[in-house]
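Every number for a ligand or one of its atoms is a count from 1 in the order of the listing.
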Amino acid sequence: MKNPVRVAITGAAGNIGYQLAFRIASGDMLGKDQPVILQLLEITPALDALKGVVMELRDCAFPLLADVIATDDANVAFADTDYALLVGARPRGPGMERKDLLEANGAIFGPQGKALNAHASRDVKVLVVGNPANTNALIAQAAAPDLNPRNFTAMTRLDHNRAMWQLAEKTDKHVNDVQKMIIWGNHSATQYPDISQCTIAGQAATSQVANDWYESTFIPDVQQRGAAVIKARGASSAASAASAAIDHMRSWALGTASGDWVSMGVPADGSYGIEPGVIYSFPCVCEKGDYRIVTDLPISDFSREKMQATDEELRQERAAIEDLLR
Ligand code: NAD
Ligand code: LMR
């Protein structure tokens, strides 16, 4: 049996956290041969609820669950952690402007970045799920100068999975037939779901769907899917978000399928003209516990415009919290 690895989850008593903890403990994220120690972080008022989560985790008698730690102290939750899933975030309240939300979350992700910097494994893989995910990841990254900046990522895998399903459904195929989807940019309504490289059962997707459907239905539906789920459920996506977080970490840790890639919000490095300074979603291939941005894909004028629009939004978010990055 392998040695256990430490997996921290923040907001662990919340809707996404409640899904995540059990699936990770059952081996869905890191494999059925990888024991885990769960390190669960909540705010103090939610510690009772978190106690209940811990009771249920124990009651599952998971063979891979080596230990569970529940705490309201980020320094404890991130001690020696190998993986950190930052889910807990301040939701948008009535009358709150985007800038207020960004700043409120800065007050969470700055200190958490600092705690990761001080206590986590030097190779910790960080995934930010809590919204606004890309900019929260940037804030955490800036607060952790001793960690590799590349190890701070944001989740756009849910958007990627949503886009794959929309395309499979439209063409009467299964998601297993869909490859090379791309989500560019921000996890927000400006994200750009791009099918120009996509294949469905080995054939170009662009030859199987009408351009009008792609531009007028597919793109806005993927961009607005989170809002549509909130409208239907009365709460934001939770099981699908947890599933996507597990997909993101599993791909990063164990690798992407041969001939395919995944979408990850990662620090921009100038690829495709997206200058450093934002966490931007790119197509990424993962291998041996690392990721690399897939480069040199052809970019049409249509794509370029959409990629720039979502980049601009990310730079505006950055400008709103610039003081937190110093
Ligand atoms: P939730 O309100 O059910 O749970 C959030 C939990 O975080 C709560 O239990 C809360 O007590 C906790 N929390 C708040 N501040 C904390 C802090 N400083 N430290 C530790 N825990 C803290 O919300 P949810 O449905 O689980 O969603 C969580 C976040 O994920 C939201 O920001 C949501 O918008 C976001 N989300 C992102 C995606 C994505 O694709 N990136 C998808 C769905 C939801
Ligand atoms: C989603 O994409 O489902 C969420 O990010 C929506 C939200 O605002 O919580």
Side-chain angles (χ1 to χ4, degrees), residues 8-23 39-53 69-78 84-93 96 98 101-102 104-116 126-137 139-140 143 153-163 165-166 183 185-191 193 221-249 262-265 279 281:
I9 305 173
T10 75
N15 284 306
I16 297 175
Y18 187 66
Q19 295 281 331
L20 268 180
F22 294 84
R23 290 197 52 195
Q39 307 193 153
L40 309 178
L41 181 69
E42 259 298 347
I43 50 173
T44 313
L47 281 181
D48 271 347
L50 188 60
K51 202 187 286 173
V53 176
I69 292 158
T71 179
D72 58 359
D73 182 349
N75 298 312
V76 174
F78 295 144
L85 295 103
L86 307 190
V87 180
R90 173 85 186 272
R92 190 194 291 261
M96 240 173 141
R98 189 184 191 84
L101 183 70
L102 285 161
N105 278 301
I108 294 174
F109 288 85
Q112 289 187 356
K114 212 167 150 203
L116 283 163
V126 182
L127 169 63
V128 176
V129 174
N131 280 321
N134 301 53
T135 298
N136 288 341
I139 293 168
T153 68
M155 189 164 95
T156 52
R157 186 63 171 271
L158 179 55
D159 311 294
H160 182 101
N161 289 347
R162 287 167 170 166
W165 186 83
Q166 298 279 349
I183 304 293
N186 200 1
H187 171 68
S188 76
T190 67
Q191 67 176 268
D221 278 3
V222 175
Q223 289 173 328
Q224 299 294 337
R225 183 69 163 186
V229 171
I230 290 174
K231 191 160 174 241
R233 246 173 58 80
S236 80
S237 58
S240 58
S243 199
I246 283 168
D247 288 347
H248 176 114
M249 283 303 211
V262 295
S263 301
M264 296 170 69
I279 307 279
S281 180

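Between the side chain of Thr71 and the backbone N or O of Glu42, no donor-acceptor pair lies under 3.5 Å. When atom types are taken as modelled, the side chain of Gln223 and the backbone of Gln191 share a donor-acceptor pair closer than 3.5 angstrom. The backbone N or O of Thr156 sits nowhere less than 3.5 Å from a side-chain atom of Ser263 that would complete a donor-acceptor pair. At distances below 3.5 Å, at least one donor-acceptor pair connects side-chain atoms of Asn105 with backbone N or O atoms of Asn131. Between the side chain of Arg90 and the main chain of Ala104, no donor-acceptor pair closer than 3.5 Å is present. Put simply, the side chain of Thr10 gets close to the backbone of Val87: a donor and an acceptor are under 3.5 Å apart. One N or O on the side chain of Asn134 and one on the backbone of Ile279 form a donor-acceptor pair closer than 3.5 Å.
Set against the non-hydrogen atoms of Gln112, the atoms of ligand 1 under 4.0 Å away are 17 (C), 18 (N), 19 (N). Within the listing of ligand 2, atoms 1 (C), 3 (O) sit less than 4.0 angstrom from a heavy atom of Ser237. Proximity to Ile108 (heavy-atom distance under 4.0 Å) selects the following atoms of ligand 1: 15 (N), 18 (N). Set against the non-hydrogen atoms of Gly11, the atoms of ligand 1 under 4.0 Å away are 6 (C), 7 (O), 12 (C), 20 (C), 21 (N). Interface of Gly226 with ligand 2, defined as ligand atoms under 4.0 Å from a residue heavy atom, comprises 1 (C), 2 (O), 3 (O). Those atoms of ligand 1 with a heavy atom of Ala241 less than 4.0 angstrom away are 42 (C), 43 (C). Near Gly88, meaning under 4.0 Å from any of its heavy atoms, are these atoms of ligand 1: 7 (O), 13 (N), 22 (C). Near Leu158, meaning under 4.0 Å from any of its heavy atoms, are these atoms of ligand 1: 40 (O), 42 (C).
Counting heavy atoms only, Glu42 comes closest to atom 8 (C) of ligand 1 of the residues Met155, Glu42, Gln191, Arg225. Closest to atom 29 (C) of ligand 1 by heavy atom, among Ile43, Val87, Leu40, Asn105, is Val87.
By the side chain to side chain donor-acceptor pair (under 3.5 Å) test, Arg23 pairs with Asp28, Ser243, sequence neighbours left out.
With a 4.0 Å heavy-atom cut-off, ligand 1 is reached by the backbone of Asn131 and by its side chain too. Residue-level proximity to ligand 1 for Val129 is carried by backbone and side chain together, each with a heavy atom below 4.0 angstrom. Residue Val229 does not touch ligand 2, judged by heavy-atom distances below 4.0 Å. Under 4.0 angstrom from ligand 2, the non-hydrogen atoms of His187 all belong to its side chain.
For atom 19 (N) of ligand 1, the nearest protein heavy atom lies under 4.0 Å away. The protein does not reach atom 23 (O) of ligand 1 closely, with no heavy atom under 4.0 angstrom from it.
At the top of the distance list for atom 26 (O) of ligand 1, counting protein heavy atoms only, stands Ile16 N, 2.9 Å. With hydrogens left out, the protein atom closest to atom 6 (C) of ligand 2 is Ile230 CD1, 4.0 Å, a heavy atom. Looking at atom 7 (C) of ligand 2, its nearest protein heavy atom turns out to be Asn131 ND2, 3.6 Å. Nearest protein neighbour of atom 43 (C) of ligand 1, counting heavy atoms only, is Ser237 OG, 3.4 Å. Of the protein's non-hydrogen atoms, the one nearest atom 39 (C) of ligand 1 is His187 NE2, 3.2 Å. Considering only non-hydrogen protein atoms, atom 4 (O) of ligand 1 sits nearest to Gly14 CA, 3.2 Å.
Counting all heavy atoms, side chain and backbone alike, Leu40 lies closest to Ala12 at CB-CB, 3.7 Å. Taking both residues in full, the closest heavy atoms of Phe109 and Ile139 are given as C-CG2, 3.9 Å, listed atom of the first, atom of the second, then distance. Counting all heavy atoms, side chain and backbone alike, Gly110 lies closest to Ala143 at O-CB, 3.2 Å. Across all their heavy atoms, Ile108 and Gly88 have their closest contact at CG2-O, 4.2 Å. In terms of heavy atoms, Ala140 sits closest to Leu86 at CB-CD1, 4.5 Å. Among all heavy-atom pairs drawn from Asn75 and Ala115, the shortest one is OD1-CB, 3.6 Å.
Ligand 1 lies nowhere less than 4.0 angstrom from a heavy atom belonging to Ala238. Under the 4.0 angstrom criterion for non-hydrogen atoms, Arg162 is in contact with ligand 2. A heavy-atom separation below 4.0 Å is not found between Arg90 and ligand 1.
Distances between N or O atoms of Asp159 and those of ligand 2 include no value under 3.5 Å. Considering backbone and side-chain N/O atoms, Asn15 comes within less than 3.5 Å of an N/O atom of ligand 1.
Looking only at side-chain heavy atoms (C-beta outward), Ile69 and Val76 come within less than 4.5 Å of each other.
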Please tabulate, for side-chain N and O atoms in residues 224-238, each donor-acceptor pair with protein atoms closer than 3.5 Å (sequence neighbours left out).
{"unit_1": "Arg233", "atom_1": "NE", "unit_2": "Ala235", "atom_2": "O", "d": "3.4"}
{"unit_1": "Arg233", "atom_1": "NH2", "unit_2": "Ser236", "atom_2": "O", "d": "3.0"}
{"unit_1": "Ser237", "atom_1": "OG", "unit_2": "Arg162", "atom_2": "NH2", "d": "3.4"}

